[in-house]
**Q** 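Input: one structure, supplied below.
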Amino acid sequence: MGSSSNSGGRRLGRAFYDRPTRTVARDLLGRVLKARGPDTVRAARIVEVEAYVANDAASHAFRGLTERNRSMFARPGTLYVYRIHQVVCANLVTRPGDAVLLRAGAPVDEGSGNPSGPGRLCRYLGITQDDDGTDTTRRGRVYVVPGVRRALDSRILTSPRVGITRAVDRPLRFSVEGDPWVSRPRPRGVFTSA
DNA sequence: GAAAAGATTACCT
DNA sequence: GGTAATCTTTTCC
């Protein structure tokens, strides 16, 4: 398992992210995402993600590498943070050019904030553009904790993605069925067996 | 250079 | 359910 001895605690390693993007997306549900601060560590349990894959017209990587999406082509486990309107959103890179958008989480400390929605999740965790390009498998301050996964495959809902204008029908949004922290619009999807 | 679009959210009716 | 806010990146002339 994770053998790295860093001060921030155990974290998922490269091999976790170096798998097919849909597999990683589903496997991230129920896991704990952490962001170390100077004096604090904030944590959320991931309840909703979206996959962005090769030949996907809705993906930021669809038209090739630009300055903005540079980190989306980096190693598996790299954090890709981009700005949209007034907020930032975070992705975890799987295979270079593919990524999983972190759309919503449940606070680990109840009543401590609202991580429902990709912008809110980043605000809750304190993720900023300074975190773009950091390696979550190594010493980056943002990472996913191994070993704790509270999402049964039988409760994973598959549905179309949110807020895009192209490839709108692809079923690449994954969420924990019935979880109150899943963002709006509420998924009207299909149960998928593992 | 200028203009349009955007992986969103808050607040309106 | 619809729309404005708001600003960076990308695209077009």
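Fair warning: this is a prediction, and the values are worked out from it, not measured in the lab. Chain letters run A, B, ... following the sequence lines, proteins first and then strands; every chain starts at 1.
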**Q** Are OP1 or OP2 of B:dT8 and a side-chain N or O of A:Gln86 less than 4.0 angstrom apart?
**A** no

**Q** In whole Å, what is the span from the CE atom of A:Met72 to the P atom of B:dA7?
**A** 11 Å

**Q** Rounding to a whole Å, what distance do you find between A:Arg186:CZ and C:dG1:P?
**A** 13 Å

**Q** Just do the ring-ring contact (aromatic ring centres under 6.0 Å, His included) check on A:His60 and A:Tyr82 with the steps written out, would you?
**A** CA-CA 10 Å; A:His60 287 176; A:Tyr82 68 91; 4.7 Å; yes

**Q** Testing the 3.5 Å rule here: is there a donor-acceptor pair between the side chains of A:Tyr124 and A:Ser112?
**A** yes

**Q** Side-chain N or O of A:Arg123 less than 4.0 angstrom from OP1 or OP2 on B:dT8?
**A** no

**Q** How about A:Asp135 and A:Thr78: does a side-chain donor come under 3.5 Å of a side-chain acceptor?
**A** no

**Q** Expressed in angstrom and rounded to an integer, what is the separation of A:Arg184 atom CZ from C:dG2 atom P?
**A** 15 Å

**Q** Rounded to whole angstroms, how far apart are CZ on A:Phe62 and P on B:dA5?
**A** 18 Å

**Q** Please check if atom CZ in A:Arg19 has more than 12 non-hydrogen atoms from other residues, nucleotides or ligands closer than 6.0 Å.
**A** yes

**Q** Could you work out which one of C:dC7, B:dA7, C:dT9 sits closest to the side chain of A:Arg83?
**A** C:dC7

**Q** If the cut-off is 4.0 Å, is A:Arg63 near the phosphate of C:dT11, judged by side-chain N/O to OP1 or OP2?
**A** yes

**Q** Return the nucleotide paired to B:dT9: Watson-Crick means purine N1 to pyrimidine N3 with N6-O4 or O6-N4, wobble means G-U with N1-O2 and O6-N3, both under 3.5 Å.
**A** C:dA4

**Q** When the nearest nucleotide of DNA chain B is assigned to A:Asn114 and to A:Thr165 on a heavy-atom basis, which residue is associated with the more 5' position?
**A** A:Thr165

**Q** A:His85 side chain: which of B:dA7, C:dT10, B:dG6 is closest?
**A** B:dG6

**Q** Is A:Tyr82 stacked on the base of B:dA7 when the test is centres under 5.5 angstrom and planes under 30 degrees?
**A** no

**Q** Can you identify which nucleotide, out of B:dT9, C:dT10, B:dA7, has its nearest atom closest to the A:Arg120 side chain?
**A** B:dT9

**Q** Rounded to the nearest Å, what distance is computed from the CD1 atom of residue A:Ile164 to the P atom of nucleotide B:dT8?
**A** 9 Å

**Q** A:Asn91 CG to B:dT8 P: how many Å, rounded?
**A** 11 Å

**Q** Starting at atom CD of A:Glu48, determine the distance to atom C1' of B:dT8, rounded to an integer number of angstrom.
**A** 13 Å

**Q** Rounded off to whole Å, could you give me the CG-to-P distance for the A:Asp132 and C:dT9 pair?
**A** 11 Å

**Q** Determine: side-chain N/O of A:Ser59 to OP1/OP2 of B:dA7, distance under 4.0 Å, yes or no.
**A** no

**Q** Within the 3.5 Å criterion, strictly below it, is a donor on A:Ser116 or A:Asn114 matched to an acceptor on the partner's side chain?
**A** no

**Q** Using atom P in both nucleotides, what's the gap between C:dA4 and B:dA4 to the nearest angstrom?
**A** 16 Å

**Q** Please report the distance separating the P of C:dT3 from the corresponding atom of B:dA5, rounded so that it comes out in whole Å.
**A** 16 Å

**Q** Verify the neighbour count for atom CZ of A:Arg95: are there more than 12 heavy atoms of other residues, nucleotides or ligands below 6.0 Å?
**A** yes

**Q** When the C1' atoms of C:dT9 and B:dA10 are considered, how many whole Å apart are they?
**A** 24 Å

